[in-house]
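Okay, structure first, notes after.
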Amino acid sequence: MMPLWVEVSVALLLVLSSVFALIGAIGLLRMKEFFQRMHPPALASTLGAWCVALASIIYFSALKSGPVLHGWLIPILLSITVPVTTLLLARTALFRKRMAGDDVPAEVSSRR
Amino acid sequence: MKRLFPAPWLSLALWLLWLVLNLSVSPGNLLLGALLGFLAPLLMAPLRPLPIRIRRPGVIIRLFFRVGRDVIISNLQVAWGVLVCGSRPPRSRFIKIPLDLRDANGLAVLSMITSVTPGTVWSELALDRSILLLHVFDLDDEAPFIEHFKRDYERPLMEIFE
């Protein structure tokens, strides 16, 4: 049997995490422009994922009555891999918008 | 030794990662993890990673918690911005940040920090690494933001990597 505080805090963390994932998805739908739309989904991969990881650490540590900490690897590995796609998307969008003559800043490098 | 273990820290980190993932220190897992730590850097050597020198562990830990705090704050700001975007659209825009950090590894970490933070997207780095183009979700005045960026992220990274 789990202690009550474990059940309550795990449930709260999971609900909090899904709320952030949901807001991220709503943001993806409601934002008007590509670069604005890149921001909200990051909610799911940061605070959303952190809350799930913390919930899993608390739950399994209580279940096995000892620290089970490997859930923290998920946020760490996510923060290493997510920037790869984010950067690729941002760079591609910027390149295409410049080619199309949209309203984006010019290249920041001065040509040699 | 240097030839066998071109990146000793990476080898150690992979070994520990393997043991933590498997939650076991049985001889078999110790051996498999060591094999991973031995082979992965050798397979990555053709990518010619820049040698890395890490100093000031205290600064690293402080930066880690600073980024964690800022990511949580940024999460709440972006979430709020999404919820009220019907009545008050976010003031998204690009800003140019002059950079003093030149070390490639430091810049890689800086790009990680900006990508992980929901409110910012790393958009372009000038060829000479002197200017960074950043897209910010909701920003009123850019001067305080640039000052915060340079003071809280760039300066610690310069202390760690340069």
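Protein chains get the first letters and strands the later ones, always in sequence-line order, with residue 1 at the start of each.
Here the side chains of B/S111 and A/L87 are in contact, with some heavy-atom distance below 4.5 Å. Within the 4.5 Å cutoff, the side chain of B/E159 has heavy atoms near those of the B/V59 side chain.
Both the backbone and the side chain of B/L83 come within contact range of chain A, each with at least one heavy atom under 4.5 Å from a heavy atom of that chain. With a 4.5 angstrom heavy-atom cutoff, B/V71 touches chain A only via side-chain atoms. Using a 4.5 Å cut-off between heavy atoms, B/T120 touches chain A through its backbone atoms (N, CA, C, O) alone. Interface residue B/N75: backbone and side-chain heavy atoms are both found under 4.5 Å from chain A.
Counting heavy-atom pairs closer than 4.5 Å to chain A, the top-ranked of the candidates B/M112, B/R129, B/K96 is B/M112. Most heavy-atom pairs under 4.5 Å with chain A, from the set B/V121, B/I131, B/D128: that is B/V121. For chain B, the option among A/I26, A/T46, A/V104, A/L89 with the highest count of heavy-atom pairs below 4.5 Å is A/T46. Interface check for chain A: of the options B/C85, B/S130, B/A108, B/P89, the most heavy-atom pairs under 4.5 Å are formed by B/C85.
Of all residues in residues 52-65 of chain A, none places a non-hydrogen atom less than 4.5 angstrom from a non-hydrogen atom of chain B. Of all residues in residues 70-85 of chain A, those placing a non-hydrogen atom less than 4.5 angstrom from a non-hydrogen atom of chain B are A/H70, A/L73, A/S79, A/I80, A/P83. The stretch residues 90-97 of chain A places A/A90, A/R91, A/L94 near chain B, each with some heavy atom under 4.5 Å from a heavy atom of that chain.
Proximity of a side-chain donor or acceptor of B/R66 to a complementary backbone N or O of B/D152 within less than 3.5 Å is not detected. Side-chain N or O atoms of B/D138 include one that pairs as donor or acceptor with a backbone N or O of B/R91 at under 3.5 Å. Remark: the backbone N or O of B/L127 is paired with a side-chain donor or acceptor of A/S109 at under 3.5 angstrom.
When the salt bridge (Lys or Arg N to Asp or Glu O under 4.0 Å) test is applied to B/E142, the partners found at least two apart in sequence or on another chain are B/R93.
Closest of all the heavy-atom pairs between B/I95 and B/I146 is CD1-CG1, 4.3 Å. Heavy-atom minimum distance, B/P98 versus B/E154: O-OE1, 4.4 Å. The minimum heavy-atom distance between B/P118 and A/H39, with the atom names listed, is O-ND1, 2.8 Å. When all heavy atoms of B/K150 and B/L99 are compared, the closest pair comes out as NZ-CA, 3.9 Å. Residues B/E124 and A/R98 come closest through the heavy atom pair OE1-NH2, 2.7 Å.
One distance of note links CE of B/M158 with CZ of B/R56; it measures 12.5 Å at 0.5 Å rounding. Here B/W80 contributes atom CH2 and B/R88 contributes atom CZ; the two are 9.5 Å apart, rounded to the nearest 0.5 Å. Taken to the nearest 0.5 Å, the CZ atom of B/F38 stands 10.0 Å off from the CG atom of B/L43.
Within 6.0 Å of CH2 in B/W15 there are 12 or fewer heavy atoms belonging to other residues, nucleotides or ligands.
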Could you check B/F137 against A/F35 for ring-ring contact (aromatic ring centres under 6.0 Å, His included), going step by step and ending with a plain yes or no? CA-CA 8 Å; B/F137 182 69; A/F35 277 97; over 10 Å; no
